[in-house]
Amino acid sequence: MNYFWKLIGVVHVVITWGGSISTIKAMPPPPPVQCNQTGGCILKNAYGAWGDRKDCHASNVTYPATEEELRLAVAHANKNKLKVKTVSKFSHTIPKLACPCSQSQSTLLISTAKLDSNIDIDVANLAVTADAGVPLRQLIDRVEEENLSIVAAPYWEGLSVGGVISTGAHGSSWWGKGGAVHDHVIGLSLVVPAKESEGYAKIIRIEANDPLLDAAKVSLGLLGVISKVKLSLEPGFKRSITFNFTDDAHIEDILMDHAKKHEFGDITWYPSRRTAVYRYDDRVPLNTHGDGVNDFIGFQDTSILISKSTRAAEKALEKAKNANGKCTLAATVLGFKKLIANGFKNNALIFTGYPIVGRQGKLQTSGACLYSRRVDTSCAWDPRINGLFFYETTAIFPANKFKDFIRDVKKLRDLKPENFCGVDSYNGFLIRFIKASSAYLGQSEDSIVVDYNYYRADDASTPRLNQDVWEEVEQMAFFKYGAKPHWAKNRKLAFLNVQQKYANFSRFLAAKKQMDPQNMFSSEWSDEILFGTEADKFDGCALEGQCICSEDRHCSPSKGYFCKPGLAYTEARVCRFSQSPMTSIV
Ligand SMILES: Cc1cc2nc3c(=O)[nH]c(=O)nc-3n(C[C@H](O)[C@H](O)[C@H](O)COP(=O)(O)OP(=O)(O)OC[C@H]3O[C@@H](n4cnc5c(N)ncnc54)[C@H](O)[C@@H]3O)c2cc1C
Ligand SMILES: *[C@@H]1O[C@H](CO)[C@@H](O)[C@H](O)[C@H]1NC(C)=O
Ligand SMILES: *[C@@H]1O[C@H](CO)[C@@H](O)[C@H](O)[C@H]1NC(C)=O
Ligand SMILES: *[C@@H]1O[C@H](CO)[C@@H](O)[C@H](O)[C@H]1NC(C)=O
Ligand SMILES: *[C@@H]1O[C@H](CO)[C@@H](O)[C@H](O)[C@H]1NC(C)=O
Ligand SMILES: *[C@@H]1O[C@H](CO)[C@@H](O)[C@H](O)[C@H]1NC(C)=O
């Protein structure tokens, strides 16, 4: 079937959903919770697939619009002994954290999609208090209207305030309070179960100096439902950004200085291209000339045709095990990014040259595809279009260990650089900085985060080109260097023994027990992540990171993928392609 007909197929589906041609719908992301008449709902994440590829069921969903409605929902659940999970309008978390338990139990999803009407700015005290469901973009724009700025935010804006802090989401900075949003939280309100005499649920207001805040600001939805978040602000400012596309020599020696010199600096490393892109990103006064915007290429409203053909090209290269083809793709993508400054623009329209100067609210975060108004454009990963489909590994290192990790990855790269083209055709290795935090599930020391994306097959049993390399880097990060997994990303294996990586994990558990003694907000899915326990291994479990292989059958021997030691980190166990089980191919 050619692309034209596939596209027609999508348009047809859209028209069918709309009911008639006159109501053709645009393609913003689909709502995450879908329910049917017989009762019963399914929760999906933004990529439309959980790590285990199984559906997440809930018996019911409710959409409180006020704090009191939210309290009543929690009370109802407590009174009726329902398992509860909170989910935002976006559901952009990749692990199954928001999934409320197995099908047999009565469960309730509380969506914050409508809990979004209040944004109160206290100009004198430089603070904003927002309902937990407020979308990040709305919050930022409202704050900037007052000529104030929120200093930290993730690079993607399609998130709710409550969701962002709950998983420790971050941008990049070692300055001031740092790049993680929760470190700018100076108060929050939490709805928790209560005794019958208290009406089955109550609202707790946690202020800046309350020790509970260290448990509540990164709490994975496990303490209760956050109704309001209070963030500290700064006087409005602008930033000046230049991307330096250069070689990757000494990247490991440069990176700490880079973070110290540039308030919002980051680095993108493309190992196969031997290229590092240093982002020089500094605060400048509000009266500096410039009206730049961040319209990051990966988050642009993308032609569905392009997303589909990129996916089709990737699939063809996978099928042919054509690493060099991936290298051509990586080179093309990188060349294009350099040409258009990764999508950053000097004004609303176009990139004309460095530096890009603009307001904080326009430069920190982006997400144009969220607002698609056309039937033929969407986010490139929209699950309805057979577009991009990938994994996201995000490892958070104590700063002093990162240098050796980079050296190890370079060793692995030098064995066969083209093995890294598959990662470079996405975003390479994005390196960001997070400052030490008092949050129990945050980073207790200054840290460096690395993110990399890589191809995921349509089918869980299909092995992927060079998957051994991503697996080796993944195991190196989490087990050799003890990196912590980002709570909102990663495959299951990354969470193995995660609790031992947090010195204050027991303090978090104590707070959880205090707030939610009946474990109403816990499920087998969130337990799996929080406790990082190893489950039984099954045939093919390592292909999608559900386990680390220890036998060939955990890979795919019938397709020539066998369980082998890592090449640079020999303790790693990875699924590698080879013509026969006895020969290992580099
Ligand atoms: C394209 C993309 C780009 C991303 N970019 C970044 C990035 O640059 N930096 C980064 O750090 N992360 C990034 N992320 C991850 C993202 O920040 C997190 O997944 C974030 O938690 C999602 O927020 P959400 O509003 O969608 O929350 P959801 O996914 O709906 O929920 C997240 C978790 O928080 C809980 N929760 C949500 N709301 C509440 C509430 N009101 N009270 C209690 N618990 C609640 C849920 O139960 C769940 O456990 C990205 C993800 C995607 C898909
Ligand atoms: C309705 O949803 C339930 C729960 O998700 C599911 O098991 C059932 O198959 C669905 N029924 C229909 C008719 O879609
Ligand atoms: C689902 O929740 C709503 C409240 O949001 C309630 O009115 C309805 O009765 C519930 N349905 C079931 C089947 O429990
Ligand atoms: C913000 O600053 C601009 C430019 O200095 C000014 O015109 C505007 O009135 C200010 N807005 C507020 C709410 O202070
Ligand atoms: C780019 O980075 C390299 C390596 O740090 C440095 O040598 C070079 O001077 C930088 N170029 C610019 C224009 O800043
Ligand atoms: C653990 O929490 C206590 C109390 O808040 C704090 O004093 C200590 O520094 C924390 N330890 C770590 C490693 O974060």
Side-chain angles (χ1 to χ4, degrees), residues 244-258 266-278 317-318 321-335 337-338 391 393-395 397 399-432 448-455 463-483 548-549 561-579 583-586:
N244 176 5
F245 287 70
T246 185
D247 68 77
D248 69 0
H250 310 296
I251 183 173
E252 64 274 30
D253 302 317
I254 297 172
L255 54 93
M256 296 256 243
D257 276 345
H258 180 71
D266 70 22
I267 303 165
T268 313
W269 179 32
Y270 298 92
S272 74
R273 309 296 308 157
R274 297 181 188 277
T275 297
V277 182
Y278 294 93
L317 295 170
E318 284 281 329
K321 296 200 171 57
N322 183 349
N324 289 324
K326 291 231 176 179
C327 294
T328 308
L329 190 61
T332 310
V333 170
L334 183 56
K337 282 183 182 160
K338 187 173 177 180
Y391 288 112
T393 290
T394 304
F397 294 73
N400 61 12
K401 293 195 176 167
F402 196 66
K403 206 177 194 176
D404 289 330
F405 168 75
I406 293 282
R407 289 202 178 110
D408 274 356
V409 177
K410 279 188 166 176
K411 262 187 232 161
L412 193 56
R413 183 267 314 271
D414 292 341
L415 290 174
K416 206 170 178 196
E418 61 267 37
N419 283 348
F420 281 82
C421 293
V423 114
D424 289 353
S425 68
Y426 283 85
N427 288 313
F429 287 79
L430 173 59
I431 298 166
R432 291 187 280 185
I448 302 180
V449 190
V450 65
D451 272 272
Y452 60 100
N453 293 359
Y454 41 110
Y455 179 89
R464 291 151 299 111
L465 185 59
N466 293 323
Q467 74 168 58
D468 58 321
V469 178
W470 320 136
E471 286 173 357
E472 183 167 348
V473 174
E474 190 180 31
Q475 290 176 38
M476 218 180 319
F478 294 116
F479 309 120
K480 179 170 180 189
Y481 292 104
I548 296 173
C549 70
Y561 283 73
F562 302 94
C563 187
K564 296 286 178 189
L567 300 172
Y569 171 45
T570 49
E571 284 92 332
R573 288 294 174 272
V574 301
C575 295
R576 182 175 303 130
F577 179 72
S578 91
Q579 301 298 346
T583 53
S584 119
I585 292 185
V586 174

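All values below come from the heavy atoms of this structure, side chains included, with hydrogens, waters and symmetry mates left out.
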Participant: Does any non-hydrogen side-chain atom of Asp266 lie less than 4.5 Å from one of Leu430?
Facilitator: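 Yes - at least one pair of side-chain heavy atoms lies under 4.5 Å apart.
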Participant: How many angstroms lie between CD in Glu472 and OG1 in Thr570, if you round to the nearest 0.5 Å?
Facilitator: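 Those atoms lie 8.5 Å apart.
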Participant: Rounded to the nearest 0.5 Å, what separation is found between the CZ atom of Phe562 and the OG atom of Ser578?
Facilitator: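 It comes to 5.0 Å.
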Participant: Just wondering, do Val450 and Trp269 contact through their side chains at under 4.5 Å, heavy atoms?
Facilitator: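 SC-SC contact between Trp269 and Val450 ruled out.
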Participant: Walk me through whether Thr393 and Tyr454 qualify under side chain to side chain donor-acceptor pair (under 3.5 Å).
Facilitator: CA-CA 9 Å; Thr393 290; Tyr454 41 110; 2.5 Å; yes
Participant: Within the 4.5 Å heavy-atom criterion, are Tyr391 and Gln467 side-chain neighbours or not?
Facilitator: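 The answer is no, as the side chains (C-beta and beyond) never meet within the 4.5 Å cut-off.
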Participant: What I'd like to find out is whether the side chain of Leu465 reaches to under 4.5 Å of the side chain of Tyr455, using heavy atoms alone.
Facilitator: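 Not touching, per the 4.5 Å side-chain cut-off.
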Participant: What distance separates Asp424 CG from Tyr270 OH, expressed to the nearest 0.5 Å?
Facilitator: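 Spacing of CG (Asp424) from OH (Tyr270) equals 7.5 Å.
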Participant: If I take atom CZ from residue Arg464 and atom CD from residue Glu318, how far apart are they, to the nearest 0.5 angstrom?
Facilitator: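 So the gap between those two atoms works out to 7.5 Å.
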Participant: Quick one: does Tyr278's side chain have a donor or acceptor within less than 3.5 Å of a partner on Thr246's backbone?
Facilitator: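 Side chain of Tyr278 to backbone of Thr246, a donor-acceptor pair under 3.5 Å: no, none is there.
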Participant: My understanding is that only residues two or more places apart in sequence, or in another chain, count here; which of them pass salt bridge (charged side-chain N to carboxylate O under 4.0 Å, His left out) with Arg273?
Facilitator: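 Applying salt bridge (charged side-chain N to carboxylate O under 4.0 Å, His left out) to Arg273 gives none.
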Participant: Is a salt bridge present between Asp408 and Lys480, judged by a nitrogen-to-oxygen distance below 4.0 Å?
Facilitator: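 Here Asp408 pairs with Lys480 in a salt bridge, since their nearest N and O are under 4.0 Å apart.
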Participant: May I ask you to decide whether Lys411 forms a salt bridge with Asp414, counting only side-chain N to carboxylate O separations under 4.0 Å?
Facilitator: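 Salt bridge between Lys411 and Asp414, a charged N being under 4.0 Å from a carboxylate O: no.
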Participant: One thing to verify: whether Arg576 and Glu471 come together as a salt bridge, which I'm taking to mean a side-chain N less than 4.0 angstrom from a carboxylate O.
Facilitator: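 A salt bridge is absent here (no side-chain N lies under 4.0 Å from a carboxylate O).
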Participant: May I ask you to decide if Tyr426's main-chain N or O and Asn453's side chain share a donor-acceptor pair within less than 3.5 Å?
Facilitator: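 Such a contact is absent between Asn453 side chain and Tyr426 backbone.
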Participant: Would you say the side chain of Asp247 lies within less than 4.5 Å of the side chain of Arg274, judging by non-hydrogen atoms?
Facilitator: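 Sidechains of Asp247 and Arg274: no contact.
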Participant: Give the C-alpha distance, both sets of side-chain angles, the deciding distance and a yes or no for side chain to side chain contact (heavy atoms under 4.5 Å, CB included) between Ile431 and Ile406.
Facilitator: CA-CA 11 Å; Ile431 298 166; Ile406 293 282; 4.2 Å; yes
Participant: NZ of Lys403 to CD1 of Ile251: how many Å apart, nearest 0.5 Å?
Facilitator: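 That separation rounds to 12.5 Å.
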Participant: Quick check: closest heavy atoms across Lys410 and Glu252, and the distance to 0.1 Å?
Facilitator: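 Reported closest heavy-atom pair: NZ-OE1, 3.0 Å.
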Participant: The test is side chain to side chain contact (heavy atoms under 4.5 Å, CB included); show your working for Lys337 and Asn427 and say whether it passes.
Facilitator: CA-CA 10 Å; Lys337 282 183 182 160; Asn427 288 313; 3.0 Å; yes
Participant: Of the non-hydrogen atoms in Cys575 and Tyr561, which two are nearest, and what is the gap between them?
Facilitator: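 For Cys575 and Tyr561, the tightest heavy-atom pair comes out as O-CD2, 3.9 Å.
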Participant: Would you please classify the geometry between the Trp470 ring and the Tyr452 ring as parallel, tilted or perpendicular, with 30° and 60° separating the classes?
Facilitator: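 If you compare the ring of Tyr452 with that of Trp470, the planes turn out tilted.
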Participant: SG-SG distance between Cys563 and Cys549 under 2.5 Å?
Facilitator: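 Yes.
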Participant: Do NZ/NE/NH1/NH2 and the carboxylate oxygens of Arg413 and Asp248 come within less than 4.0 Å?
Facilitator: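 Answer for the salt bridge query: yes.
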Participant: At what distance, to the nearest 0.5 angstrom, does CZ of Arg573 lie from CD1 of Ile548?
Facilitator: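 So the gap between those two atoms works out to 10.0 Å.
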Participant: Does a side-chain heavy-atom distance below 4.5 Å link Cys421 with Leu329?
Facilitator: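 No, their side chains stay 4.5 Å or more apart.
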Participant: Going by heavy atoms in the side chains, are Pro565 and Glu571 under 4.5 Å from each other?
Facilitator: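 No. Closest side-chain heavy atoms not under 4.5 Å.
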Participant: Hey, are the side chains of Phe420 and Leu412 touching, using non-hydrogen atoms and a 4.5 Å cut-off?
Facilitator: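 Of all side-chain heavy-atom pairs linking Leu412 with Phe420, at least one is under 4.5 Å.
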